[in-house]
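Let me begin by presenting the structure, written as structure tokens, before commenting on it.
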Amino acid sequence: MGDKVTEVEQHGIAPIPPEEQTSRPRDLFRMAFGGANTFATIILGTLPIAFGLSFWSAVTATVAGVVVGALVLSPMSLFGPLTRTNNAVSSGAHFGVVGRCVGSFLSLLTAITFFAISVWVSGDAVAGAAQRLFGFDGGEVLRGVAYGVIAIATLVVCIYGYRFMLLVNRVAVVLGTAIMLLGIVAYGGTFDPGFAGTGAYALGEFWPTWILAALTTMANPISFGAFLGDWTRYIPARHSRRSLLAAPFLAQVATLLPFGFGIATATLVADPGDYITGLTAISPLWYAIPLIVVALIGGLSTGTTSLYGTGLDFSSIFVKLSRVQATLLIGSLSVVFIFVGNFVLDMVSSINAFATLIVLCTSPWMVIMMIGFVLRRGFYDPDDLQVFNQGRKGGRYWFTRGVNWRAMAAWIPATTLGLLTANTPMIAGPFKDIAGGVDVSMVITLCTAAVAYPLLVKLFPEPREVYSYAEPVAEPAVAV
């Protein structure tokens with residue numbers, strides 16, 4: 001791959017040649033933070049206030065969600081440098097080279113959600129700021145045009161690939177941070193940290209609503225789990241695991257800036273459920289242009305980090321599609337969802353529903369991969385991970401017709417139990433009141449995956465060849 005950002009990336013899902021692994025953990029920090037230092041994260045930050053929480057309750061729920069989510073996310077940075085491919089393909093070592101399609105589905109779910117959020121909020125911010133600056137109310141037509149322009153710009157960046165994305169995120173980190181800090185001047189005179197909330201809790205009571213806010217916030221770091229490998233595959237394995245773990249963790253902790261911006265400004269708008277309109281209405285006129293800038297740069301940053309990886313991954317499932325063609329296909333489907341979700345459905349409810357699905361479906365998948373990493377002692381065969389992508393059969397990770405039923409038998413019940421016990425406005429399972437209305441779905445889904453997978457591996461050992469010549473950390477595996 002050339003070093004010029006203006007060259008379209010040629011690499012697909014095949015292992016990155018070692019000589020082209022030239023990135024560093026700090027580049028991973030830039031990608032992860034730049035992709036989240038945007039209006040999409042700001043919108044997630046407004047939701048605890050929209051749920052009825054006070055300012056400080058919203059802050060504590062957000063900090064809890066970000067930190068726990070960052071701890072779950074960080075180990076997902078360890079796979080790419082070893083496998084030299086993305087995390088969905090890497091998951092074939094644990095789910096089987098065919099079963100890794102679970103990761104591809106999760107990648108698609110996350111990409112559509114966050115691409116839609118980024119275009120929604122960025123388009124609304126541009127339309128609102130334009131109205132404030134020029135007094136022109138373009139209504140749905142102006143919003144639709146803004147959505148289209150931002151969506152097309154995002155697709156162009158994704159097509160150019162990793163180097164162009166890295167450049168965009170370098171700009172987003174600095175510019176987005178500066179503009180949000182400038183918001184202290186813009187809104188500091190009217191902000192009241194004693195904001196007591198509406199009292200009309202989304203789930204009727206404080207603690208169920210607080211847990212809902214924390215889980216919604218947690219969706220932001222969890223959403224990066226399927227995508228970290230898109231970038232870490234360019235980092236050589238010689239870098240320490242500590243630095244690889246620290247980069248995404250610190251990037252997510254840094255997102256407390258946009259989260260905090262969202263929480264603070266949501267206390268100022270008349271209707272937190274219509275945040276963008278309210279924000280542009282209360283913004284000083286001089287701050288309207290910076291809002292447009294952070295909306296455009298942020299929309300590109302979030303949209304590209306989510307959409308790029310899904311296009312990359314689907315080019316390996318539908319082998320007749322190149323990375324560019326797959327990106328255009330997924331991007332086009334996402335654009336349809338953007339217009340339907342905003343003009344037909346309720347945006348806040350849609351975001352909450354998809355955030356819940358991301359957390360409950362992706363987190364047990366991540367836990368199984370982490371446990372597998374420990375059991376395998378970090379051993380992976382990059383060539384055998386490509387069997388399915390190359391239309392072949394066999395290899396270390398073929399298991400049973402390409403599926404490791406042990407991992408699937410842990411992930412499916414974990415996800416199912418999580419959905420059955422979820423308690424959110426849009427997704428409420430039949431056992432939502434199992435803990436007195438408090439949403440314990442996250443705890444249940446994580447614990448189920450963490451117990452079921454190693455237990456199944458102990459009772460039904462995996463083939464020894466997946467461990468190379470080393471013994472697994474748990475029970476010795478059966479000989480092939």
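From a predicted model like this one, the values you see are computed outputs, not experimental measurements.
Under a 3.5 Å cut-off, the side chain of Trp231 and the backbone N or O of Ser77 do not form any donor-acceptor pair. Between the side chain of Arg396 and the backbone N or O of Glu465, at least one donor-acceptor pair lies under 3.5 Å. A donor-acceptor pair under 3.5 Å links the side-chain atoms of Ser240 to the main chain of Ser243, judged by distance alone. Judged by distance alone, the side chain of Asp433 and the main-chain N or O of Gly436 form no donor-acceptor pair under 3.5 Å. Asn87 contributes no side-chain N or O that, together with a main-chain N or O of Ser90, makes up a donor-acceptor pair within less than 3.5 Å. Formation of a donor-acceptor pair under 3.5 Å by the Tyr397 side chain with backbone atoms of Asp381 is found in this model. The closest donor-acceptor contact from the side chain of Asp439 to the backbone of Pro208 lies at 3.5 Å or more, if one exists at all. Judged by distance alone, with hydrogens and angles left aside, the side-chain atoms of Arg84 form a donor-acceptor pair with the main-chain N or O of Ile16 at under 3.5 Å. Side-chain atoms of Ser107 never come within 3.5 Å of backbone atoms of Gly103 as a donor-acceptor pair (strictly under, hydrogens ignored). With hydrogens and angles disregarded, a donor-acceptor distance shorter than 3.5 Å links the side chain of Ser74 to the backbone of Leu245.
Tyr234 has its side chain out of reach of Thr22: every pair of non-hydrogen atoms, C-beta onward, lies at least 4.5 Å apart. Put simply, the side chain of Met370 reaches to within 4.5 Å of the side chain of Val72, judged on heavy atoms. A heavy-atom distance below 4.5 Å is not found between the side chains of Ile235 and Gln21. Side chains of Pro382 and Thr85 form no contact here, defined as non-hydrogen atoms less than 4.5 Å apart. Using a 4.5 Å heavy-atom cutoff, the side chains of Val359 and Met442 are in contact. In this structure, Gln386 and Pro15 have side chains that are in contact, with non-hydrogen atoms separated by less than 4.5 Å.
A cation-pi contact links Arg376 to Tyr467, judged by a cut-off of 6.0 Å to the six-membered ring centre and 45° from its axis.
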Legend entry - Test side-chain contact (heavy atoms from CB on, under 4.5 Å) applied to Met218 and Val66, step by step: CA-CA 5 Å; Met218 195 183 300; Val66 168; over 6 Å; no

Legend entry - Steps toward side-chain contact (heavy atoms from CB on, under 4.5 Å) verdict (Asn220, Phe259): CA-CA 10 Å; Asn220 202 53; Phe259 271 116; 3.9 Å; yes

Inset, instruction - Start with the C-alpha gap between Met408 and Val102, add the side-chain angles, then the distance that decides, and say whether side-chain contact (heavy atoms from CB on, under 4.5 Å) holds. - result: CA-CA 9 Å; Met408 295 295 288; Val102 167; 3.8 Å; yes

Inset, instruction - Give the intermediate values and the outcome of side-chain contact (heavy atoms from CB on, under 4.5 Å) for residues Ile368 and Ile371. - result: CA-CA 5 Å; Ile368 290 169; Ile371 293 173; 5.9 Å; no

Inset, instruction - Please test Thr177 against Asn37 for side-chain hydrogen bond (donor to acceptor under 3.5 Å, both in side chains), starting from the C-alpha separation and ending with a verdict. - result: CA-CA 7 Å; Thr177 299; Asn37 192 35; 3.2 Å; yes

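Taken from CG in Asp230 to CG in Leu28, the straight-line distance is 11.0 Å, to the nearest 0.5 Å. Note that OG1 of Thr110 and CG of Leu357 are 10.0 Å apart. Values are rounded to the nearest 0.5 Å. For the atom pair NZ (Lys458) and CG (Leu456), the distance works out to 12.5 Å, reported to the nearest 0.5 Å. How far CG of Asn404 is from OG of Ser91: 11.0 Å, rounded to the nearest 0.5 Å. Atoms OG and CG, from Ser441 and Asn423 in turn, are 8.5 Å apart once rounded to the nearest 0.5 Å. Note that CD of Gln390 and CG of Leu385 are 10.5 Å apart. Values are rounded to the nearest 0.5 Å.
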Side-chain polar contacts of residues 29-36 - donor-acceptor pairs under 3.5 angstrom, sequence neighbours left out - could you list them?
unit_1 : atom_1 : unit_2 : atom_2 : d
Arg30  : NH1    : Asp27  : OD1    : 3.1

Identify all side-chain donor-acceptor contacts of residues 246-256 below 3.5 Å with residues at least two apart in sequence or on another chain.
unit_1 : atom_1 : unit_2 : atom_2 : d
Thr255 : OG1    : Gln252 : O      : 2.4

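The minimum heavy-atom distance linking Ile358 with Ile222 is given by the pair O-CG2, 4.0 Å. Closest approach of Ala202 and Leu212 over heavy atoms only: CB-CD2, 4.2 Å. Scanning all heavy atoms of the two residues, the minimum distance from Val98 to Arg401 falls at CG2-O, 3.9 Å. Contact record, Met369 with Phe79: O-CZ, 3.4 Å, taken as the closest heavy-atom pair. Taking all atoms of both residues into account, the shortest heavy-atom contact from Pro258 to Ile42 is O-CG1, 3.5 Å. Pairing each heavy atom of Ile434 with each of Thr421, the nearest pair is CG2-CG2, 4.4 Å.
Between His94 and Phe399, the gap from one ring centroid to the other reaches at least 6.0 Å.
The side-chain contact (heavy atoms from CB on, under 4.5 Å) test with Thr415 singles out one residue from Leu419, Leu417, Ile412, and that residue is Leu419.
Residue Arg392 places its CZ atom among more than 12 non-hydrogen atoms of other residues, nucleotides or ligands, all under 6.0 Å distant.
Partners of Trp210 under the side chain to side chain donor-acceptor pair (under 3.5 Å) rule, at least two apart in sequence or in another chain, are Thr60. Applying the side chain to side chain contact (heavy atoms under 4.5 Å, CB included) criterion to Pro430, with sequence neighbours excluded, gives Leu420.
Sequence neighbours left out, the pairs with a member in residues 442-453 that pass side chain to side chain donor-acceptor pair (under 3.5 Å) are Tyr453-Glu462. Residue pairs meeting the side chain to side chain donor-acceptor pair (under 3.5 Å) criterion with at least one partner in residues 357-375, sequence neighbours excluded, do not occur; the list is empty.
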